[in-house]
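Here the structure is laid out as structure tokens; the discussion comes afterwards.
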2 protein chains.
Amino acid sequence: MLKEKNISSETIKRLIIYLRYLDMLRKRKIKVISSENITSYLNVQPSQFRKDLSFFGEFGKRGVGYDVENLAGAIEKILGLEDEIDVILVGVGKLGAALVQYSGFKKINVRIAACFDKNPEKIGARVGSMVIEDIKNAGKIIKATGIRVAVICVPVEEAQPVAEHIVKLGIKGILNFTPTVLVLPGSVYVSNVDMASELGNLIYYLKK
Amino acid sequence: MLKEKNISSETIKRLIIYLRYLDMLRKRKIKVISSENITSYLNVQPSQFRKDLSFFGEFGKRGVGYDVENLAGAIEKILGLEDEIDVILVGVGKLGAALVQYSGFKKINVRIAACFDKNPEKIGARVGSMVIEDIKNAGKIIKATGIRVAVICVPVEEAQPVAEHIVKLGIKGILNFTPTVLVLPGSVYVSNVDMASELGNLIYYLKK
DNA sequence: TAGATTGTTAATCGATTAACAATC
DNA sequence: TAGATTGTTAATCGATTAACAATC
């Protein structure tokens, strides 16, 4: 991993998409694939694929293509997926409960290690194999585990205060499922999963 | 709406974000706001805000700012949110069930009018106030209602066949919650909500 | 009028794509 | 060797930002 200067989010997200496809090829015992071939299924240009990889090194063989096993391993290493990452989830409503059990996170080696709510009726209840914790215990658990990433799916009006609170407790990265823009210190990374705006966007183009 | 040439998705998604904030101001009885002021809460540059609006017309008053009520109405009109849009949802697992009841869609005037599954144990059961339909009835219902948009949250291995199937039945736009790239005719709009890749991306930057 | 803020143009920045020499 | 495909550079494209004349 030599020339990691300013890798864009777009590149990182595509690497995850490449990795998924490589995993599928791996299962099918396909050994080698070209940039032309892999990208034809992913709505990406072959040169885009090669450029994305070029930020991190040389992984192919000219005239041949890429060794599937090898490249998958390399991307896992680039993304740091080798060792499991623990995160917390705050707000165990219907969406939160679904995310606690979402298998897509496990596939990138992310584990929801604890989930929190403030509703006394939920605290102590089970979601899958997990027990919902009182949000008041978040500080203790964050400190004990060193977890730095949180998934937020509380009601929208609570998002800002909850975010501020957990940032004080040591959280440095937030995946925000609420339809609001969180205003937080620049040192905190926030990614938004804005389901309504995605759907609104889709509908806009469809109407034209 | 004069010069609508090539409006980018980024612009449309930001319009939705602006509208949310304007709605909040509306509730607080705030009458006028400047581009400087509104964008300070939204991680957007004032010039970006003005440029986004400029694709659709002139909505402000120089030296003064924007009338909140007026601008909110204008953006609703631009986005076509005035009349309700019906969509279907396919795959009523935990995530699907959460989405059926997700209030964020209602706020942009989108209604999930029907939901489908193929599991006989689910068909006929209720999710909120809705009854889960047999996917076999999708054609009939799509034809009867003229619905053109679908939300897909089936297991990942079923995403491609399900997508192909509903496209044959008349669906023209898909909001895809599964971690896979759908390969469909160019005439079909697809937006991906890739929760794992968002989280993976966040973690990548946090590790550095 | 003087001050404020828009709407728009021009400059900048960054991401995507095309092209091709290197090389398997 | 001849054909194929990479890795990388240069060209293109598009989105963001800065600057400022217009004007409330």
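Reminder, nothing fancy here: chain letters follow the sequence lines and each chain counts from 1.
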Original post:
DNA chain C in dot-bracket, Watson-Crick or G-U pairs under 3.5 Å, [ ] crossing, | other strand?
Top reply: ..||||||||||||||||||||||
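Each of A/Thr11 and B/Glu36 has a nearest nucleotide on DNA chain C; the 5'-most of these lies closest to B/Glu36. If you find the closest nucleotide of DNA chain C to A/Gln45 and to B/Ile33, the one lying nearer the 5' end belongs to B/Ile33.
Crowding of A/Tyr205 atom OH: a count of heavy atoms from other residues, nucleotides or ligands under 6.0 Å exceeding 12. For A/Glu157, the CD atom sits in a packed shell: over 12 heavy atoms of surrounding residues, nucleotides or ligands are nearer than 6.0 Å.
The nucleotide whose nearest atom lies closest to any side-chain atom of B/Tyr66 is, among C/dT8, C/dC24, C/dG7, C/dG7. Taking only side-chain atoms of A/Lys51, from C-beta outward, the nucleotide of D/dA19, D/dT17, C/dT16 with the closest atom is C/dT16. Set against C/dT16, D/dT6, C/dT17, the side chain of A/Glu10 has C/dT16 as its closest nucleotide. Here the side chain of B/Ser54 is nearest to one of D/dT5, D/dT8, C/dT8, namely C/dT8. Proximity note for A/Ser47 (side chain, C-beta onward) versus C/dT17, D/dT5, C/dA15: the nearest is C/dT17. Looking at the side chain of A/Ser8, the nearest of the listed nucleotides C/dA15, D/dA19, D/dT6 is C/dA15. Checking C/dC24, D/dA21, C/dC20 against every side-chain atom of A/Lys61, the shortest atom distance belongs to C/dC24.
OP1 or OP2 of D/dT16 lies within a sub-4.0 Å distance of a side-chain N or O belonging to B/Arg14.
Going from atom CZ of B/Arg50 over to atom P of D/dA21 covers 15 Å, rounded to whole Å. Per the geometry, CD1 belonging to A/Ile38 stands 14 Å off C1' belonging to D/dT6, to the nearest Å. Distance, B/Gln48 CD to D/dG14 P: 16 Å, rounded to whole Å. B/Asn70 places its CG atom 14 Å from the P atom of C/dT6, with the value rounded to the nearest Å. Going from atom CD of A/Glu58 over to atom C1' of C/dC24 covers 12 Å, rounded to whole Å. Per the geometry, CG belonging to B/Asp52 stands 15 Å off C1' belonging to C/dT6, to the nearest Å. With rounding to whole Å, B/Phe49 atom CZ is found 14 Å from C/dT8 atom P. Across the protein-nucleic acid pair, A/Arg62 atom CZ and D/dA2 atom C1' stand 17 Å apart, rounded to whole Å.
For A/Tyr66 and A/Phe49, the distance between ring centers is under 6.0 angstrom. Taking the six-membered ring for Trp and the full ring otherwise, the centers of B/Tyr18 and B/Tyr21 sit at least 6.0 Å from each other.
A salt bridge links A/Arg20 with B/Asp194; the closest basic N to acidic carboxylate O contact falls under 4.0 Å.
Residues A/Thr11 and A/Phe55 are in side-chain contact: their nearest non-hydrogen atoms beyond the backbone lie under 4.5 Å apart. B/Phe56 is listed as a side-chain neighbour of B/Ile7, based on a closest heavy-atom distance under 4.5 Å.
Distance alone, capped at 3.5 Å, is enough to place a donor-acceptor pair between the A/Asp67 side chain and the A/Asn70 backbone.
Contacts of B/Ser35 with the nucleic acid, taken as non-hydrogen atoms under 4.0 Å apart, involve only primed sugar atoms and P, OP1 or OP2.
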